[in-house]
Amino acid sequence: MCGIVGYIGTKKACPILLAGLSRLEYRGYDSAGISTIEKNRLSLMKVKGRVKNLANLDGIDNLEGTIGIAHTRWATHGKPSKDNSHPHQDNSKSFSVVHNGIIENYNELRKFLTDNGYSFYSQTDTEVIPNLIHYYFTKDIANDELKFLRAVKNACLDLKGSFAIEVISKLYPDNMIVVRQDSPLVIGTCEDEKYLSSDIPAILSYTRDFYLLNDLEFAVLTRNMVKFYDKDLNKIEKQTQNIEWNASAAEKDGFDDFMLKEIYEQPTAIRETIGSRINLDNKCEFDELQFTKKYLNNLNKIYIVACGTAMHAGLTGKNAIEKLCKIPVEVDIASEFRYRDPIIDEKTLCIFISQSGETADTIAALKLSKEKGAKTLAISNVIGSSITREADYSIYTHAGPEIAVASTKAYTSQVVLINILAIYFAEILESCDIKILNNIKKDILDLPKKIEETLKCNEIIKNFAKTIYQEKDVFFLGRGIDETVAKEASLKLKEISYIHSDSYAAGELKHGPIALIENGILVISILTDSNLVKKTISNIQEVITRGAKTLVITNQKLDKNMFDKVIDIPETNCFFSPILSIIPLQLLAYYISKEKGLDVDKPRNLAKSVTVE
Ligand code: M6R
């Protein structure tokens with residue numbers, strides 16, 4: 001969480017940093033701050049609240065410096081306040097630091113520094129960092145060109161936890177030093193300007209050439225150059241990576257909110273995800289993977305591990321892999337998986353799904369799986385993200401930047417990709433009738449058009465949202481693949497509308513939850529599997545009998561009079577029905593949130609990328 005930006009170049013840094021912060025605000029928005037090098041002093045301006053409060057501060061327009069760092073915060077240690085907001089400075093005000101991550105041993109470091117005469121003004125873990133840098137700087141009697149870097153390096157080697165850090169100093173008015181460990185940070189480069197950011201979209205309008213840092217690699221930046229060092233301060237060479245996303249992908253493009261834009265981007269996103277995965281011979285293609293028939297045949301189990309929406313996409317992967325490849329699959333929440341001593345060995349394949357590729361729990365689960373001897377495969381949307389650098393293999397959803405906290409196009413693109421992966425495995429294993437696979441592939445290619453068709457329900461959903469936005473509890477029901485969608489729809493609703501909701505396997509209702517059904521309560525059901533439709537209808541009957549209002553999302557021919565509202569979606573293969581059935585429910589969550597006057601893109605207490613445990 002938290003967003004950090006930095007600039008070193010020939011222009012005034014402040015407007016560039018504020019623009020970058022606004023684009024990163026989805027990562028945290030309880031306070032913001034900026035520090036620039038102004039002649040031979042460090043400016044420091046901080047404020048509680050949103051980036052716009054920072055931009056409105058008296059005197060901010062007077063900042064002339066061409067080097068600066070800035071931060072938008074999602075509080076972990078210390079409540080949102082001006083003192084706790086970043087940048088933080090050491091006692092002598094020689095160093096300014098912004099930090100994203102958590103310093104787990106900050107109490108010990110704080111004690112060590114206090115014993116050495118340092119004092120603290122905030123409750124944050126971060127404030128130890130500039131003081132540690134100052135401590136090592138003053139202890140270092142050498143006066144060579146690496147002195148600043150050595151101080152930052154020594155300080156960082158004392159830190160336990162996760163960090164992406166940018167440091168500037170009034171003693172080095174032409175330099176900036178950055179480093180990361182388990183938290184994201186990218187360096188955008190142009191001829192005489194360098195841009196730093198927690199993610200690529202925030203600085204895409206300036207450059208498409210990026211350096212990606214690995215854990216504990218240090219970069220020393222000047223206007224014209226970036227020098228890289230490892231943790232022993234040996235010089236290392238790095239190549240830039242060219243990122244194909246265009247800058248407008250990170251703008252709202254006339255939509256009121258990123259979420260709505262991203263919902264509407266789904267046909268394009270899915271086209272990109274499919275890309276050329278189905279080749280001219282009608283075979284699924286993953287050149288970047290080297291799984292042999294022998295390896296797949298020998299697998300005892302596949303784990304799919306992820307958090308939140310990405311985990312829900314994983315559930316659809318389980319369905320496809322088990323049905324098409326006959327390999328048992330377990331889907332787990334990353335924060336649970338890593339602490340439950342999962343049974344993993346070299347006969348296990350672990351697949352990790354993460355839009356951002358920076359989710360702390362997912363990365364930790366991946367590292368654990370590798371240690372235990374499994375092969376690891378990352379599915380991410382962000383090229384060069386931490387998870388893709390840790391995994392043995394990586395495949396990308398190519399859905400374009402997702403900015404809204406509520407994940408929409410990332411989910412549908414993950415569902416598409418993991419299902420294509422299942423077909424690819426089945427082709428290698430020859431575990432499924434070729435005709436069945438060919439029919440599924442045909443359905444994949446039809447998906448973008450069917451998504452466009454599904455999006456036509458927008459107005460109906462918008463009007464329906466007006467009638468139900470004051471609900472206090474909503475239930476989502478489904479069986480089989482539809483239950484996975486019920487889970488995702490319920491998460492979407494609660495995270496942006498703050499309405500309590502729960503999802504249930506429809507058949508499970510009468511084992512307890514039905515006690516909650518009372519007159520007027522809203523029950524939303526998803527019915528796309530012809531084998532299960534009759535069973536689910538019986539369960540809906542049971543809630544109707546107890547007074548529930550019903551909304552049904554379906555691609556089946558039903559007696560519509562039974563329900564209060566029915567939304568028809570196009571028919572598709574069951575493997576892919578989640579991609580279509582979730583769309584009306586994404587729109588419903590969106591319009592309820594709008595009706596309630598909430599900030600759709602930045603829901604309370606949440607951040608886009610969860611880089612802390
Ligand atoms: O970046 P990731 O895919 O790893 O993020 C995982 C979850 O934090 C994320 O899907 C979260 O649940 C979304 N806010 C849901 O809309």
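The basis for the numbers below is simple: all heavy atoms, side chains too, and nothing from hydrogens, waters or symmetry mates. First listed ligand is number 1; within each ligand, the first listed atom is number 1. Along the sequence shown, residues carry numbers from 1. Keep in mind that what you see is a predicted model, and the values were worked out from it rather than measured.
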Engineer: Distance under 4.0 Å to a non-hydrogen atom of Ser407: what atoms of ligand 1 satisfy this?
Structural biologist: 15 (C), 16 (O)
Engineer: Which heavy atom in Thr348 sits nearest to a heavy atom in Ile343, and how many Å separate them?
Structural biologist: OG1-O, 4.3 Å
Engineer: Looking only at protein heavy atoms, which one is nearest to atom 3 (O) of ligand 1, and how far off is it?
Structural biologist: Gln355 N, 2.6 Å
Engineer: Heavy-atom contacts with Ser354 under 4.0 Å: which atoms of ligand 1 show up? List them by number with element.
Structural biologist: 1 (O), 2 (P), 3 (O), 4 (O)
Engineer: Specify the protein heavy atom at minimum distance from atom 6 (C) of ligand 1: its residue, its atom name, and the distance to 0.1 Å.
Structural biologist: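 Of every protein heavy atom, Cys307 O, 3.4 Å lies nearest to atom 6 (C) of ligand 1.
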Engineer: Could you tell me whether Tyr504 and Phe476 have their ring centroids closer than 6.0 angstrom?
Structural biologist: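 Aromatic pair excluded; centres sit 6.0 Å or further apart.
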Engineer: Answer yes or no: is there an ion pair linking Glu452 with Arg271, defined by an N-O contact shorter than 4.0 Å?
Structural biologist: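 Counted as a salt bridge, because a side-chain N and a carboxylate O are separated by less than 4.0 Å.
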Engineer: Within 45 degrees of the ring normal and closer than 6.0 Å to the centroid, is that where the cationic atom of Arg604 sits relative to Tyr498?
Structural biologist: yes
Engineer: If you count the atoms of ligand 1 from 1 in the order shown, which ones are under 4.0 Å from a heavy atom of Ala406?
Structural biologist: 16 (O)
Engineer: For Gly308, take its heavy atoms, then give the atoms of ligand 1 lying under 4.0 Å from any of them.
Structural biologist: 12 (O)
Engineer: Are the side chains of Met259 and Lys261 in contact, using a 4.5 Å heavy-atom criterion?
Structural biologist: no
Engineer: Nearest protein heavy-atom contact for atom 8 (O) of ligand 1: which residue, which atom, what distance?
Structural biologist: Val610 CG2, 4.0 Å
Engineer: Within the structure, is a non-hydrogen atom of Lys492 found at a distance of less than 4.0 Å from ligand 1?
Structural biologist: yes
Engineer: Any side-chain heavy atom of Gln355 sitting closer than 4.5 Å to one from Val382?
Structural biologist: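 Side chain of Gln355 against side chain of Val382, heavy atoms only: contact under 4.5 Å found.
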Engineer: Identify the protein heavy atom lying closest to atom 16 (O) of ligand 1, giving its residue, its atom name and the separation to 0.1 Å.
Structural biologist: Glu495 OE2, 2.4 Å
Engineer: Out of the candidates Thr528, Asp529, Thr484, only one should pair with Ser577 under the side-chain hydrogen bond (donor to acceptor under 3.5 Å, both in side chains) rule; please name it.
Structural biologist: Thr528
Engineer: Nearest non-hydrogen contact with atom 4 (O) of ligand 1 belongs to which option: Ile379, Thr359, Val405, Thr309?
Structural biologist: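 Minimum heavy-atom distance to atom 4 (O) of ligand 1 goes to Thr359.
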Engineer: Need the ligand 1 atom indices (1-based, order shown) with element for anything under 4.0 Å from a heavy-atom of Ala310.
Structural biologist: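 Those of ligand 1 that fall under 4.0 Å from Ala310 are 3 (O), 10 (O).
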Engineer: Would you confirm whether the ring centroid of Tyr411 sits within less than 6.0 angstrom of the ring centroid of His312?
Structural biologist: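 Between His312 and Tyr411, the centre distance exceeds or equals 6.0 Å.
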Engineer: If I apply the N/O under 3.5 Å rule, does Gln414 come out as touching ligand 1?
Structural biologist: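 No - when backbone and side-chain N and O of Gln414 are compared with those of ligand 1, no distance drops under 3.5 Å.
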Engineer: Can you pull out the closest protein heavy atom to atom 1 (O) of ligand 1? Residue, atom name and distance to 0.1 Å, please.
Structural biologist: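 Among all protein heavy atoms, the one nearest atom 1 (O) of ligand 1 is Ser356 OG, 2.6 Å.
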Engineer: Is any side-chain heavy atom of Gln290 less than 4.5 Å from a side-chain heavy atom of Tyr393?
Structural biologist: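 Yes, side chains in contact.
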